[in-house]
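When reading the values below, keep in mind they use all heavy atoms of this one structure, side chains included, and skip hydrogens, waters and symmetry mates. Lettering of chains follows the sequences in order, A, B, ..., and the numbering in each one begins at 1.
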Amino acid sequence: MTSLRLAVQDAFKQAVAGLTDDPIDVPVQEVPEGKPGHYGTPVAFMLAKALRRPPPEIAADVVARFVPPPGVLRAEAVGPYINVFVDPGGFVQGLLQRPLDQPPRDEKVIVEHTSVNPNKEAHVGHLRNIVLGDAVARILASAGFNVEVQNYIDDTGRQAAESLFAAAYFGQTPPADAKLDRWYGELYVRLGEAKEQDGDAIEAGVTDVMHALERGERRDDVAAIVQAQLETFWALGVVYDVLVWESDVVASGFLERGLDVLKASPYVTQPSEGKYEGALVMDVSSFIAGLEEPNVVLVRRDGSAMYVAKDIGYQFWKAGLFDGLAFTPFAEQPTGGTLYTSDPQGEPSPDGRQFAHAQDIVNVIDVRQSHPQTLVRAALALSGTEEGRVASEHSRHLAYEVVTLEGQAMSGRKGITLAIDDVLVEATDRAAAVVKEKNPDLANAEAVARSVGLGALRFAMLKSEAKRMIDFRWEQALNLQGDSAPYVQYAHARAASILRAAEAEGLQDADADFAQLSELELGLARQLARFEDVRDEAAAALAPHLVAQYALDVAASWNAYYNHRDENGRPDTAVLRSEPGLREARLALVRETARTLAHVLGLLGIDAPDAM
RNA sequence: GCACCAGUAGCUCAGUGGAUAGAGCAGCCGCCUUCUAAGCGGUAGGUCGAGGGUUCGAAUCCUUCCUGGUGCACCA
């Protein structure tokens with residue numbers, strides 16, 4: 001809440017305190033369009049029962065007792081509501097130069113996202129995961145958290161083995177200029193088809209490669225695929241702090257140590273007879289209600305661990321309960337920072353960096369994995385350790401719905417996909433065509449086209465709630481008008497253009513006369529003032545769509561202000577043609593608008609060009 | 001069968017206890033003698049899936065039902 005709204009709330013509390021002894025929460029909300037006042041409260045309703053009087057009477061009483069804080073002109077009872085009127089000039093001034101990020105606080109949160117199997121190129125289904133995780137990480141950082149982004153590399157899984165084996169099976173070696181994730185992905189699909197004729201031999205070969213992977217023998221091959229995938233993620237403007245390889249997690253003994261902890265739990269048993277004879281199972285019925293089958297297998301009869309068991313060790317490590325992984329730099333990321341990787345030859349704290357040891361854990365994984373994710377949290381909670389219980393409570397699964405392709409489910413195995421690389425090219429091309437048409441003389445047209453195309457794409461993935469299904473259609477995903485990133489970017493460019501002209505004219509902020517500002521400016525300023533609430537709510541709910549929707553709101557308010565006309569239909573908000581004094585005050589508001597728009601877009605990982 | 005998610009304007013979606021339920025797209029009517037029309041204004045369009053309940057107040061909370069999606073392996 002802005003300081004002004006807090007002050008209004010306090011003043012209401014003071015006024016209410018004389019009427020009742022009970023401490024009462026006083027909500028302060030925006031007054032709807034068309035009603036008198038700017039901020040208001042329905043608190044009179046809440047007092048009605050205790051005071052046994054009608055709300056409008058109480059509202060009048062509260063108004064009589066209300067002492068306006070600085071910046072507030074007066075309060076007025078509007079029926080049962082109590083509304084206050086704000087001084088426009090003071091309000092705008094209070095907004096200028098406000099910090100848009102929370103000061104850093106000593107609370108670490110790990111965001112695990114992407115985690116694409118290292119055997120194929122990423123498609124638009126993965127795009128949602130990547131963009132969502134990246135936006136959440138940015139929002140959490142802005143809300144003051146110490147954020148560590150992890151990308152889990154499942155290098156011992158079946159998929160990686162299949163792609164590597166496919167190359168050998170078909171006798172292929174990658175051409176020098178091949179993008180390896182795509183190259184292996186195509187072979188992976190071909191191998192799937194070949195299984196129908198030659199299933200047994202392929203199965204044997206894949207198994208051999210899986211064993212080799214477990215021994216760490218094909219690490220370089222997998223790393224080459226990971227490198228190729230990273231090129232795509234970097235092109236999206238996404239960066240990571242550390243890659244965590246499954247083989248390293250296993251080799252570090254986290255699996256065994258996790259299992260040792262669990263074996264001491266009363267919920268974990270190894271039946272000597274029946275359906276689960278010889279397996280290690282966990283009874284999760286006390287954690288998950290309504291299960292037909294309360295037992296979950298952690299370790300198979302043959303001694304091999306299930307995914308859930310492996311993940312428990314990884315989650316324990318994230319929470320700082322296990323140590324022992326070593327790290328080494330993997331790459332310098334073009335968009336900033338060193339990317340580290342787990343590596344048996346590395347060191348525990350390279351360059352003084354300490355990984356894991358997080359208080360909060362966010363796992364960005366699609367909704368179909370909700371069940372196994374719940375099992376992992378159940379295992380942590382039922383481990384019988386206090387640390388496990390805490391880790392369970394502080395880990396959240398950010399579940400997002402799947403992306404379909406023109407109504408069809410995507411499938412890497414069947415080759416029904418749309419690669420991010422291809423979508424990026426198309427997005428940039430479409431944006432470039434529009435830039436050329438709208439602004440043929442634009443200096444850095446190519447860079448702007450990239451920002452606009454990528455922005456449109458990211459925005460399409462973020463503007464709705466994560467639990468909403470997305471059907472990818474070109475026209476919608478690359479929409480350059482309406483509810484889209486380019487709409488917001490354009491609003492920003494417009495503001496930037498005014499600021500450039502003002503600078504060329506040598507206008508000085510010091511000449512601003514804020515007293516000349518009116519209701520017109522206040523409307524826009526109130527929109528800007530919502531930012532802190534939106535940011536903190538989005539961080540708490542892991543909900544970037546709130547930020548995206550807010551970006552649209554700010555752009556719309558600014559565009560409405562920009563185009564405003566008086567009763568005679570003449571523009572009455574032309575900043576640079578305003579009277580001196582008013583002109584500079586308006587300019588300050590425009591600067592604040594541009595700053596807010598750029599920052600909000602930044603939280604979504606979207607550029608804000610100064611011209612387009 | 002059990003569990004989770006969704007159902008709001010023709011379409012795609014915002015809005016999770018407060019004031020006449022909002023936006024984009026599609027439709028219709030306007031606005032560039034321009035601080036960038038990738039924009040703005042207006043108009044039309046809604047039994048907020050259905051029924052019951054809680055509340056001064058419900059799209060929002062509870063409950064039953066309907067429809068659609070997903071999940072319930074010694075896979076991940």
Hey, does [X] reach any base, or is it just sugar-phosphate, or nothing, if we go heavy atoms under 4.0 Å?
X        : result
A/Val281 : nothing
A/Arg577 : sugar-phosphate
A/Asp311 : nothing
A/Pro372 : base
A/Val434 : base
A/Asp154 : sugar-phosphate
A/Val402 : nothing
A/Glu33  : base
A/Ala493 : base
A/Tyr81  : base
A/Met469 : sugar-phosphate
A/Ala611 : base
A/Thr573 : base
A/Arg158 : nothing

Say you pick atom [atom1] in [N] and the same atom in [M]; how far apart are they, in whole Å?
N     : M     : atom1 : answer
B/C13 : B/A21 : C1'   : 14 Å
B/G57 : B/C72 : P     : 44 Å
B/A14 : B/A6  : C1'   : 15 Å

Taking only the side-chain heavy atoms of [X] (C-beta and beyond), determine which of [options] contains the nearest atom.
X        : options             : answer
A/Tyr276 : B/U16, B/C74, B/C35 : B/C74
A/Ala501 : B/C35, B/A38, B/G15 : B/C35
A/Ser464 : B/C13, B/A19, B/G15 : B/C13
A/Leu480 : B/A19, B/C35, B/A38 : B/A38
A/Asp483 : B/C74, B/A23, B/A6  : B/A23
A/Tyr487 : B/C40, B/U12, B/G24 : B/C40
A/Arg468 : B/A14, B/U12, B/A37 : B/A14
A/Met46  : B/G18, B/A14, B/A37 : B/G18
A/Gln29  : B/C74, B/G18, B/C72 : B/G18
A/Pro42  : B/G18, B/C35, B/C74 : B/G18

*Ring of A/Phe45 versus six-membered ring of B/G18: centres under 5.5 Å and planes under 30°?*
yes
Query raised in the report: Does A/Tyr562 stack onto the base of B/C35, taking stacking as ring centres under 5.5 Å apart and planes under 30° apart?
Result: yes
Examine distances only and state if a side-chain atom of [X] and a backbone atom of [Y] form a donor-acceptor pair shorter than 3.5 Å.
X        : Y        : answer
A/Ser497 : A/Ala493 : no
A/Asp511 : A/Glu584 : no
A/Arg583 : A/Arg577 : no
A/Glu465 : A/Lys467 : no

Tell me, please, whether A/Tyr562 has A/Arg494 positioned over its six-membered ring: NZ or CZ under 6.0 Å from the ring centre and within 45 degrees of its axis? yes
Classified by glycosidic angle (syn within 90° of 0, else anti), B/C5 comes out anti
_Flag if over 12 foreign heavy atoms under 6.0 Å of CD, A/Glu273_ = no
Mark yes when over 12 heavy atoms from residues, nucleotides or ligands other than A/Lys195 sit less than 6.0 Å from its NZ; otherwise mark no. yes
Per-residue pairing states of RNA chain B in dot-bracket (Watson-Crick or G-U under 3.5 Å; . unpaired, | other strand) read ((((((((.[[[[.)..(...]]]].(((((.......))))).....[[[[[..)....]]]]])))))))....
Chi angles and distances behind the side chain to side chain donor-acceptor pair (under 3.5 Å) call for A/Thr404, A/Asp471:
CA-CA 5 Å; A/Thr404 55; A/Asp471 186 33; 2.7 Å; yes
Q.
Applying side chain to side chain donor-acceptor pair (under 3.5 Å) to A/Asn117 and A/Arg158, what does each step give before you reach the verdict?
A. CA-CA 9 Å; A/Asn117 267 309; A/Arg158 181 170 189 93; over 6 Å; no
Between NZ of A/Lys463 and P of B/G15 the distance, given in whole Å, is 13 Å
To the nearest angstrom, the CG-C1' distance between A/Asp366 and B/C5 comes to 13 Å
A/Phe254 ring center within less than 6.0 Å of A/Tyr314 ring center:
no
Distance col, row A/His397:NE2 vs A/Glu112:CD, nearest 0.5 angstrom, shows 10.0 Å
ask   = Got a donor-acceptor pair under 3.5 Å from the side chain of A/Asn559 to the base of B/A38?
value = no
Note: contacts of residues 539-556 of chain A with RNA chain B (heavy atom, under 4.0 Å) are A/His545, A/Leu546, A/Gln549
| query | Would A/Glu246 and A/Lys310 count as a salt bridge (charged side-chain N to carboxylate O under 4.0 Å, His left out) if you check the C-alpha gap in whole Å, the side-chain angles of each, and the deciding distance to 0.1 Å? | reply | CA-CA 8 Å; A/Glu246 180 161 284; A/Lys310 288 186 202 168; 3.6 Å; yes
